[in-house]
2 protein chains.
Amino acid sequence: MGTPSIKEVAQRAGVSVGTVSNFLNRPGIVAPETRKRVQDSIQALGFVRNEAARHLRAGKSRTVGLIVLDVTNPFFTDLAEGAEALAYEHDTVVMLCNSKTDPVREGHHLDQLEQQRVMGILITPFDSTDPRLTALVDRGTPVVLVDRTADRGLCSVSVDDQLGGRLAGNHLIESGHRRIAFIGGPFTMQQVADRKAGITAIVEETGDVDLEHYEVDVMGVVEGRAIGEQLAALPARSRPTAAFLANDLLALGFLQGMAVAGLRVPRDMAIVGYDDIDFARAAAVPLSSVRQPAELLGRSAMELLQEEVESAERHRHRQVIFQPDLIVRESSDFKRRR
Amino acid sequence: MGTPSIKEVAQRAGVSVGTVSNFLNRPGIVAPETRKRVQDSIQALGFVRNEAARHLRAGKSRTVGLIVLDVTNPFFTDLAEGAEALAYEHDTVVMLCNSKTDPVREGHHLDQLEQQRVMGILITPFDSTDPRLTALVDRGTPVVLVDRTADRGLCSVSVDDQLGGRLAGNHLIESGHRRIAFIGGPFTMQQVADRKAGITAIVEETGDVDLEHYEVDVMGVVEGRAIGEQLAALPARSRPTAAFLANDLLALGFLQGMAVAGLRVPRDMAIVGYDDIDFARAAAVPLSSVRQPAELLGRSAMELLQEEVESAERHRHRQVIFQPDLIVRESSDFKRRR
DNA sequence: GACCCCAGTTGAATCGTCTAAATCGCCATG
DNA sequence: CATGGCGATTTAGACGATTCAACTGGGGTC
């Protein structure tokens with residue numbers, strides 16, 4: 001009936017189960033002629049290995065969980081791509097989970113993954129100080145934080161968000177802007193706070209520049225557009241001439257808000273986003289953006305995890321930090337005379 | 001060392017493993033006092049059920065694979081949402097896999113899922129006639145096609161794409177348009193062909209309406225923008241006054257192309273897209289679009305799967321087809337005088 | 001007092017695969 | 001001919017949870 005097991009394969013081939021197992025795992029030690037018989041038997045029966053049994057026996061799984069905040073955000077899928085690529089080389093499987101920035105969903109996924117005894121978990125957590133995470137590690141499931149910097153207790157890979165904010169700010173200031181809006185949120189999210197800190201720092205170093213903050217609950221297109229319309233409604237005199245937005249979805253919405261209000265980008269309003277998603281390049285006015293090495297991030301996270309799994313006991317947690325790049329496109333490419 | 005097993009829980013609680021198992025699966029038959037002892041033991045040891053062992057013993061898994069063509073497309077994540085919601089109610093887990101429209105990746109995922117002996121697979125296949133799919137079913141893994149109509153051999157849930165094309169066409173014709181462009185591609189994809197057939201049918205029924213076809217290789221923002229600029233460059237006299245695009249990404253790009261060329265939407269060009277993704281509503285000019293009940297689609301697919309798993313032998317494959325809705329927004333909301 | 005009933009509990013068998021140790025032939029060597 | 005060695009194969013447990021038949025002990029019934 002159901003899928004045949006190794007036992008039935010053995011029977012049909014006239015060998016013992018041990019030999020079939022050897023064929024599967026160490027084909028070298030099986031005699032060529034036997035090898036052929038087993039191979040034929042597998043073919044004929046349509047045998048497929050039972051991963052659950054292997055896993056139970058081996059005591060460790062060959063799948064890795066990856067929990068991201070938003071699968072529809074291309075940044076995260078690029079990240080997943082990088083993680084999967086490395087996983088593929090090591091013959092492991094990535095299980096992609098979408099927390100949708102919801103701690104409850106996140107918790108549910110963590111539970112499921114732990115029950116499955118996954119090899120490890122890569123996660124962009126809602127709250128990187130969540131005690132669940134360290135508890136998980138204590139019980140034996142390695143965890144690597146992605147796009148978040150951990151303190152000593154965990155491994156992490158992240159991008160220097162302060163530097164990102166600084167790059168964006170520096171570019172806008174050098175282009176002559178003296179009144180700049182920072183838009184993002186919630187400010188409690190580490191990423192957002194860091195980007196804000198970065199631009200704030202360079203603004204203060206420069207002096208003679210105004211920085212205004214606008215906070216949103218969710219960083220989506222809709223919210224960006226709303227803020228855009230709000231700013232566009234101000235008299236030109238009291239309106240920022242440039243905006244730095246904490247992600248590209250927000251920036252795209254903001255750009256649309258400008259278009260609706262009839263403001264020209266970049267002449268009336270320069271815009272810089274964050275993440276450099278594909279949409280950014282294809283926007284009505286191609287969007288300047290701070291690029292994060294998403295794929296590399298995913299790949300590195302997987303590397304750290306594998307390292308942790310292999311070295312087990314004498315593993316030292318590491319925090320890897322990458323540098324972002326500023327990609328200048330039309331949306332901010334306009335020199336303003338002072 | 002590792003995670004404690006049911007055995008250690010039993011030992012600490014001074015009961016047998018059978019009792020612990022009963023506690024976990026049929027708490028009702030365990031004496032209240034014993035129940036408490038077991039509960040405490042589980043707490044103290046941080047016991048977590050081993051899904052692999054359960055699975056092996058039970059002979060069937062509690063996870064379902066969902067393979068989609070593109071996780072970054074909100075249509076598919078909405079679909080996944082629907083599937084997950086129902087799965088959650090039945091205490092099963094959805095494993096999301098991204099084939100990225102690549103048959104090789106798709107095959108790899110199918111292999112992995114079969115090895116894991118998943119309860120079943122929901123898939124938007126690259127090619128719905130792929131013999132792998134029926135082979136999978138023959139070997140005992142139920143498969144339900146999503147967003148594709150299967151022939152008798154499989155269950156499927158899909159949306160009536162011809163009707164979708166018809167709705168869009170009808171709306172544009174009723175608004176007074178007599179020269180309409182259909183844009184999409186490749187025309188060999190079943191979905192695209194059906195949408196085209198739908199609008200073609202109503203155009204022919206009406207008479208006195210011109211329908212032009214433009215084929216693209218990939219339905220992305222960039223391609224839409226290119227076609228938009230191409231059409232905008234035509235003299236007004238010989239230019240369609242309305243465009244129906246086979247997906248929203250294409251439509252968004254097309255809209256940008258209009259904006260760049262200085263054409264007004266909907267006055268100079270009415271636009272209707274397909275899928276009604278969130279972006280559509282938030283676009284510079286909110287986009288009319290044919291909405292597919294993505295979440296319902298996912299939910300129904302999961303329902304069919306569960307039905308198939310439960311009724312096993314005497315299961316009859318079913319093909320469920322939903323109706324799309326036309327959502328009219330500003331991009332096509334303009335009555336043209338004849 | 002013999003009997004049965006019942007709630008609660010136990011212990012062994014089982015799922016499919018892997019591995020370490022044991023066994024089997026067979027050949028070469030002395 | 002006995003011994004040893006070697007390659008190929010088999011055997012016999014695990015791994016952790018579940019299930020089910022068997023058991024226990026206390027109470028009620030006749």
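Protein chains get the first letters and strands the later ones, always in sequence-line order, with residue 1 at the start of each. Atom set for the values below is all heavy atoms of this structure, side chains included, hydrogens, waters and symmetry mates excluded.
Other residues, nucleotides and ligands place more than 12 heavy atoms under 6.0 Å from the CD atom of B:Gln39.
Residue contacts shown for B:Ser21 include a base, since a base heavy atom lies under 4.0 Å away. Using a 4.0 Å heavy-atom distance criterion, A:Val20 is classed as making no nucleic acid contact. Within the 4.0 angstrom heavy-atom criterion, no nucleotide atom of any strand lies near B:Gly59.
Between the CZ atom of B:Arg35 and the P atom of C:dA7 there is a distance of 14 Å, given to the nearest Å. Between A:Arg37 atom CZ and D:dA8 atom P there is a gap of 14 Å when expressed in whole angstrom units. The interatomic distance linking B:Asn25 (CG) with C:dT9 (P) rounds to 15 Å, in whole Å. If you measure from atom CZ of B:Arg117 to atom P of C:dT17, you get 7 Å, rounded to the nearest angstrom. As rounded to whole Å, 16 Å separates atom P of D:dC6 from atom CD1 of A:Ile29. The distance from atom CZ of B:Phe47 to atom P of D:dT18 is 7 Å, rounded to the nearest whole Å. Atom CG of B:Asn50 and atom C1' of D:dA14 are 14 Å apart (whole Å). If you take CZ of A:Phe23 and P of C:dC18, they are 12 Å apart, rounded to a whole angstrom.
Listed nucleotides: C:dG16, D:dT18, C:dG8. Nearest to the side chain of B:Thr34: C:dG8. For A:Asn22, the listed nucleotide lying nearest its side chain is D:dT9; candidates were D:dT9, C:dA12, D:dA17. Each of D:dT9, D:dT18, C:dT10 was ranked by its minimum atom distance to the side chain of B:Thr19; first place goes to C:dT10. The side chain of A:Ala31 approaches D:dA8 more closely than any other nucleotide in the set C:dT9, D:dA8, D:dG16. Looking at the side chain of A:Arg26, the nearest of the listed nucleotides C:dT19, C:dC18, C:dG16 is C:dT19.
Checked against A:Leu297 for a side-chain contact (heavy atoms from CB on, under 4.5 Å), the options A:Thr124, A:Asp78, A:Leu79 give a single hit: A:Leu79. Just one of B:Leu113, B:Ile121, B:Val118, B:Ile67 meets the side-chain contact (heavy atoms from CB on, under 4.5 Å) condition when paired with B:Met95; it is B:Leu113.
Axis deviation across the helix from C:dG1-D:dC30 to C:dG30-D:dC1 amounts to 70°, comparing end segments of five pairs, rounded to 10 degrees.
For the pair B:Pro32 and A:Leu24, nearest-nucleotide mapping onto DNA chain C gives the more 5' position to B:Pro32.
Residues B:Arg299 and B:Glu89 are paired through a salt bridge, judged by an N-O separation under 4.0 Å between the basic side chain and the carboxylate.
A distance-only check finds no donor-acceptor pair linking the side chain of B:Ser99 to the backbone of B:Glu106 [under 3.5 Å]. Here the side chain of A:Arg139 pairs no donor or acceptor atom with the backbone of B:Thr3 at under 3.5 angstrom. Within the 3.5 Å criterion, the main-chain N or O of B:Glu114 finds a donor-acceptor partner in the side chain of B:Arg117. At distances below 3.5 Å, at least one donor-acceptor pair connects side-chain atoms of B:Gln191 with backbone N or O atoms of B:Asp147.
With hydrogens and angles ignored, no donor-acceptor pair under 3.5 angstrom links the side chain of A:Arg57 to the base of C:dT17.
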